[in-house]
Structure formats: C-alpha cells, structure tokens
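Have a look at the structure below, then the notes.
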Amino acid sequence: MLDPDQLLNGLNDAQRQAVATVEGPVLVLAGPGSGKTRVLTHRVAYLIGVVGVPAWHLMSVTFTNKAAKEMKERLGGLIGPAALDQLTIGTFHAICARLLRRETQALPFDDRFVIFDTDDQLRAVKQAMVDLNLDEKTYRPQSVLGAISSAKNELIRAEDFVAPSYWHEVAGRIYKRYQTVLRANNALDFDDLLLETALLLRDDESVARRYRERYGFLMVDEFQDTNTAQYAMLRSLSAAEDKDAPHNLCAVGDEDQSIYRWRGADYRNITRLRKDFPGIKVILLEQNYRSSQTILDAARAVIDVNAHRTKKALWSELGDGDKLTLFEAYDEQEEAAYIVREIQRRTAGGGRYGDCAIMYRTNAQSRVLEDAFVRAHIPYQLVGGTRFYERREVRDMLAYLRFVHNPRDEMALGRIINVPPRAIGPKALTTLAARAQAAGQSLWEALCSLAADEIPDELLPPAAHLDARGRGALVRFQQLMAEAIANRDLLPADQLLDQLLDLSGYARWLKDGTEEGQDRWENVQELRGLALDYHHLSPQEGLGAMLESVALASDTDAMGQGEGDRVTLLTLHSAKGLEYPVVFMPGLEERILPHSRSIDDPESLAEERRLFYVGLTRAMRKLYLMHVFRRTLYGSSEMAEPSRFLRDLPAGSLEQRSKSGVVTPNNRSATARSSATTWAPSRPPQTQAGASAAAAPAAASNKAQLKAGDRVRHSHFGAGVVVSSAVKDGDEEVTVAFVGGAGVKKLMQRFAKLEKV
DNA sequence: AACTAGCATTTTTTT
DNA sequence: AATGCTAGTT
C-alpha cells in the first residue's frame, strides 16, 4: 500500500483531482506542459496502491509505442515490477491485436494472422484492382486505399459501404475485393485491428461483457487523436449505455493539439464523450510547467483564433523570459546560416546543443539545415526522414521471414519472388497464378505441386502451361523457400535470417562493392541484431513475436533521445509531446505552414494552426520564428509570403531582427507600425508595400551596381569577391565567391545587403 | 527478363 | 531537386 499523501504531494489541485477521482468518468483537458503524463501515471499508482484495485483490472492506452514505454518506465518506480507486469499498457493497435488473437474462433481469420503494413496494403489494393480488371490511372491505388482506410476508421465494412459518387462505387467494389485478398492471406491491416475489435465488442455482448468485467478502469492518453473506431471500442469497454455500470473511463487530451485529422482522428470525440457520459467530470489542467509566460501568451493568441473549443488560460510561474525572435532571411540558405549563427552564439555562451531543436513542417526542409550543420561542425540528430523499416532491404528480408512464417502471405511472396532477380517476371507469375486458380490452390501450394510434378500440364488450361525455363526458375525458388520453411521451427530468427540471406542470394546481391550496397548490408545486419532479442523464446514463438512487434513498431521510439549533446531536427508532427529550452521554427510561410494542400479548406487550416501551436508550446525559454523572402520549392525559386499565423502573435511578445541587429519599433516603417497586426517584414522599406517587389527601385538604374572583381561584405558570409553580376527583372543578381567556408553564392544584391568595400 | 530513359509528383505519421 | 513509376529498348 502506498501513502496517499506522499503520492499526491507535489501535484497541484487540478492534477490531484484528476488522480483521485476514481469513480465515474473523467475527462482531463490538459494544456501543453501541464503534466498529463504525470497525472496518468500517478492515477494508475493511486488506483493500485491506494484504492487497492488489482493491477490486471487496469488498461492504459496510448497512441505510440514510445508513450507506452515511457509510461511503463515511470510507473515501474511507483508501483514496482510485479504490478507493472499485470497491467495492460499499450498502443491501441497492440492491445487490439492481442485481443483479436485470443478471440479468433468467431472471426474470419485465425490466430496466426499477419499484420499488413502500408506497402502490403497497396499491393493488396493493386491485386484487387487487377482481379477486377480496373485501370490504375483512373483509380489511383493510393486514393482507393485512402477511401478504404477512412471507411474502416468510420467502422464501415465493405458490404455497408455507401457510394456517394461513381468513383466511390468503384472504390466500394475494390474494397470488397481487397477484403477478400486480405482474408485469403490471413492478414489484417492496421485499420482492421481497430475495426474488428470495435465491432466485436459492439456486436458480441458476451465477449464485451468479459472484457468489461476484466477492465474496470480505462485510461486513454491523447484522446483528441482517437478516430471513430477507437472511440467505439472505448465506449463498449466502458459500457456507456449501461446506466448502472461504473464506467470508470479517464480520458486525457487537448483538442488544441489535435494534428492527425488526415488519418481519421477527430477531436470532436471530446465533445462526443461529454454527451455520451452526461455525468463526466471535466478537469482543466491550466498550469504550465514548461514555458515562459511570454511563450504561452503568444501560443494562446495564435490558438484562440480557432473556434469551437474550450478556451484554456495557460499560465506559468516561470516568469516572462525572453521575447520571441522573428527573423526574415533572404532564402533558405540564409535561414539556415542564421540558425547556425544563433546556435554557435548560444553554445559559445555555455549553452548546450541538446537544448536546441529545429521544428519544420516538411521533411524536405531538413536538407538545407543538415548541410549548414555539417559545414559548421554542429552535431545534430535527425528524427524521422526515411525510416529504418521502410528501407527496401529491410522490407525485403522481413518479407522473406514473413513468408517463411506464413506461406499464405502472398504480398510477402510477391515482394521476394524475384528479388534478387531470378528470372521470374510478370509472365511466370501470371502463369503461376493461373495454375493456382485452376487447381484451387494458394500460390505456395501451386509452387509445391509444380516442384513435385504432381499435375501434368495437359490437365491444366493453356494459360497455366509453363516452358522449361519458367518452370526451372519457379522450382528453384520453391526449393530454397521449402528449405527455409523446414528450418523455421528449428532455427532462431537470426540464424534463419542468415540462412535466407545466403540461400536466396540476397547477401551476394547486396554486396556489390558499392557504398550503397554496404549501407544496405549494414541495415540488414541491424535487422539481424533485432532478431537476437527473441532468443529466450522457442524458434516458433520467437519468429512470430518478432514479426508482430516489427509490424506494430516504428523506429521513432527506437531512435530514442540519441547519444551525446546534439541539436535535434524534427517535424512539427513528431515534436508533439516533447520539449526543448530553445526552439527554432523555420519556414513560417504561406504554402509551407499553412501547407499548400491545406490552404483552401477551413478545417485543414485550423489544423495547420494547431500544428503551429504545438510548435510554439514545445519551447521552454526561447523561440525563434523565421521565414524567408524567397524559397526554392520543388526545384524552382519563388517569392514566399510570411505565414498568416505570424500576424496573430501579440505585439509585445516579439522582437524583430534584421541581419544588422534588432529592429525596434522606431526604425520600423510607418506602415508596419500603424497596421493592426504586428508583423512587419525586415526587408528594406521600399519593398514593404507588397509582394510585387520586382517593381522596386533598384530596377531604376537598369545596370548592375557591382561588377566582377569588386570586394564585398555580407552580414553572414563575410568577405568575398564578386564573380559576376547581372540585372534580371529589376533585381541585381550577384554571384560572389566568399572567403572561408561559405563558398560561391548567388545573391540578390538588394536583399542580401552586400556592402562594397 | 532485365535494364534504362523519360515522365509525373511532391505533407504531415503511427500503427 | 529528387524520387518513383511506366513504357520502351536491349
């Protein structure tokens, strides 16, 4: 038993209430940095240690493995390992997968089902479209998959799919066929895990009752990110309809941080929850333990523009702190250079690299930054980007393992049958499919009977006839896989992988002497290292366990915080839940944040605003907001307009910088001062009138002011020599070779502020 | 069947 | 700019 006072000590009133209100439903609206993880862990500890609820009655659901892991770690210290073992903590998908494997007797798949990732899903859609004889141009598999996925998230099965348009009618047909493909492969996709669980709990009262009785206490983190299926599942588990049931559901969330609408999340589930549980106790966590008041005020001003939400008044005891710095750079290189300079300045003054994070909208933005960091010898860590499990070689080897584990997995088969190239092309594949069809076999069975020479060609339709070459290639493949399958219960996963790498010729194929081949080989070895974690299990269980955990894992959690003192580069999406003393947000421009794809839909725009809000509230002490005058996007350089969100920042919280120093209200132009909003570009006054900067004065003298050989100075790059200059559309474009590390740069004289020396 | 050149596309990310 | 896919060539 724990001492309640000790447990609740150090929590504020609202937090304490959230922890100790254990009867009836609770909704905790937790602003950023308000200690929600703390509340969740302490609540679990309170239930177990103070109220005396057996640990196996508790379920705590998260969205990411990382969050689940963090919760386990923090709980370990509070309740001890024994209780921790009995708790159900995990992601929605992991919990659903486990539940479904236990309940397969009433379901159209067996407990060895595999989980299809996005790549497999796409293959399955394509397969379905081939079956239905549909053209991939008119119906893009990606879009069809999107439609299927949204339907599943809305709990709509293929047979219930209602088509509002002809396109959807076709999509509905593909959906049905797609499910057939999935079932034939004994596979579920990510969305199925949720849908099947939600529908099972909704429609099978006896199963639902069993789980309701077991899980008397539910806790959900990031509730604003739930979709309809997840919501339905929680609703069933907490018996919303049953007035006499205790429904001890505790949902923690923040509608202002809902940034996953595009994958089915619906923050209105928060409103729905309040309606479904009329007596729900709503607790607001408004005290922020992370950021300075200045940062919170700025964030609040930005988010308060969004309508239909519970306004929260975030406050902090950490004082006002520094103002936000708004910086306009000429282009993304200069933007990066500014970040480099600021980081160098801060570290020279005793700051740590690890205190700084750069948060951007799109992964593509990281490139320039990485470049600049490498040149400046600043250590950094990139989160996300091309992920480990998405690498071709890793997927290929996983497909080999998956196929060995479950020879019915034809998506895996499709992936590996001709990788490395072994003369099995589309022709041989269709013939094989025809043979399977004719004999009523799976592809693998057809391969086996081909190898055993069981069915003479004469008994099969002509489309299933094989020539000697095709037959030879297919039989060789069958033999190699048969050998691996024979060993699957004898060898642990890592040795099985070694064997496959060797037998399949994949190892030899990779090691082609190129640097890329070496890279890929190392990734395969890393995968092999992962397999070592399953040595304590029998080969059979080990392989299954490894494949499941890989299917449900991502590597953001594996990457961890990274070693050493480094700057972190990450997208705004992956920044959720994290905090850094110093945060840089580059690229605050129209078409980037808000993203061009979101600009004409108010709902998407509101979500972009929330994304900006998430970024702002990651910062503890210092925020740098930056935008450029000209940005290269998709290969072409265009004028960039500052993000509309910048206009909503309160005047008093900002400090503007130009390359030459701080811009105070006094030396700012009159137009900027008199405007209702506080944004004012730091470029020269004559261009402030509008984006039509090409009409600006420098064009007046239609000849270049600098010529080759002139010595110049640039505020960032230092001294240099003009290589060439020309007037283009009224802008003087100067190519300068800088002395030192900066190299040769093309600059617009007027904005780069080159000084002649 | 394997290789290659030209063409279109371009968010965010977890599971 | 870079990537991935299709269609055409070897």
Side-chain angles (χ1 to χ4, degrees), chain A residues 61-68 90-97 115-122 126 135-137 140-142 146 149 152-153 188-195 197 222 225-227 229-230 258-265 332 359-368 371 383-387 389-390 392 417-429 467 469-470 473 548-558 570-577 587 591-599 601 604 607-608 610-612 614-615 631-637:
Chain A
V61 199
T62 60
F63 272 82
T64 64
N65 292 305
K66 195 172 150 200
T91 63
F92 270 103
H93 292 83
I95 289 176
C96 289
I115 298 164
F116 271 9
D117 63 25
T118 355
D119 188 65
D120 303 315
Q121 287 179 272
L122 211 53
K126 286 178 181 166
D135 172 34
E136 286 198 7
K137 289 234 172 65
R140 279 191 28 233
Q142 292 268 13
S149 176
K152 287 185 175 180
N153 286 334
L188 299 188
D189 64 20
F190 287 128
D191 302 317
D192 278 339
L193 293 173
L194 306 176
L195 171 132
T197 307
E222 307 280 13
D225 287 336
T226 51
N227 62 31
Q230 289 159 332
S258 161
I259 52 176
Y260 289 108
R261 195 178 82 98
W262 46 274
R263 62 178 208 222
E332 58 270 20
M359 301 178 184
Y360 37 80
R361 174 68 235 263
T362 67
N363 276 314
Q365 288 171 259
S366 69
R367 231 199 169 89
V368 199
D371 250 28
V383 177
T386 318
R387 288 175 291 278
Y389 292 113
E390 275 166 31
R392 206 169 51 216
I417 196 163
N418 200 32
V419 179
R422 40 172 84 88
I424 304 174
K427 176 88 181 297
L429 269 181
D467 59 21
R469 275 178 55 173
E548 168 133 342
S549 95
V550 164
L552 294 176
S554 71
D555 22 31
T556 21
D557 25 75
L570 73 182
T571 62
L572 287 164
H573 280 91
S574 43
K576 186 155 84 154
R591 295 168 69 205
I592 297 199
L593 186 72
H595 193 271
S596 53
R597 306 268 279 212
S598 309
I599 263 166
D601 170 35
S604 307
E607 178 141 315
E608 296 286 306
R610 293 194 288 269
L611 202 48
F612 185 41
V614 166
R631 178 172 298 271
T632 306
L633 216 54
Y634 307 135
S636 69
S637 167

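Reminder, nothing fancy here: chain letters follow the sequence lines and each chain counts from 1.
Within the 4.0 angstrom heavy-atom criterion, no nucleotide atom of any strand lies near Ser596(A). Within 4.0 Å of Phe190(A), counting heavy atoms only, lies at least one base atom of the nucleic acid. Counting non-hydrogen atoms under 4.0 angstrom, Arg261(A) reaches nothing in the nucleic acid. No contact: Asp191(A) has no heavy atom under 4.0 Å from any strand.
Comparing Thr571(A) and Pro421(A) by the nucleotide of DNA chain B whose heavy atom lies nearest to each, the residue mapping closer to the 5' end is Pro421(A).
When rounded to the nearest whole Å, the span between CD1 of Ile424(A) and C1' of dA2(B) equals 14 Å. The distance from atom CZ of Arg367(A) to atom P of dT10(B) is 18 Å, rounded to the nearest whole Å.
In terms of modelled atom types and a separation under 3.5 Å, the side chain of Asp191(A) and the main chain of Lys152(A) share no donor-acceptor contact. Between the Asp192(A) side chain and the Asp189(A) main chain, a donor and an acceptor come within less than 3.5 Å of each other.
Side-chain contact between Glu222(A) and Tyr260(A) is absent, with no heavy atoms from C-beta onward closer than 4.5 Å. Under the 4.5 Å side-chain criterion, counting only non-hydrogen atoms from C-beta, Arg361(A) is in contact with Glu608(A).
In this structure, of dA1(B), dT11(B), dT15(B), it is dT11(B) that holds the atom nearest to the side chain of His595(A).
Note on Ser598(A): every side-chain N or O is 4.0 Å or more away from OP1 and OP2 of dT12(B). Look at Asn363(A) and you'll find a side-chain N or O under 4.0 angstrom from OP1 or OP2 of dT13(B). Considering only side-chain N and O atoms, Asn418(A) lies under 4.0 angstrom from the phosphate OP1 or OP2 of dA2(B).
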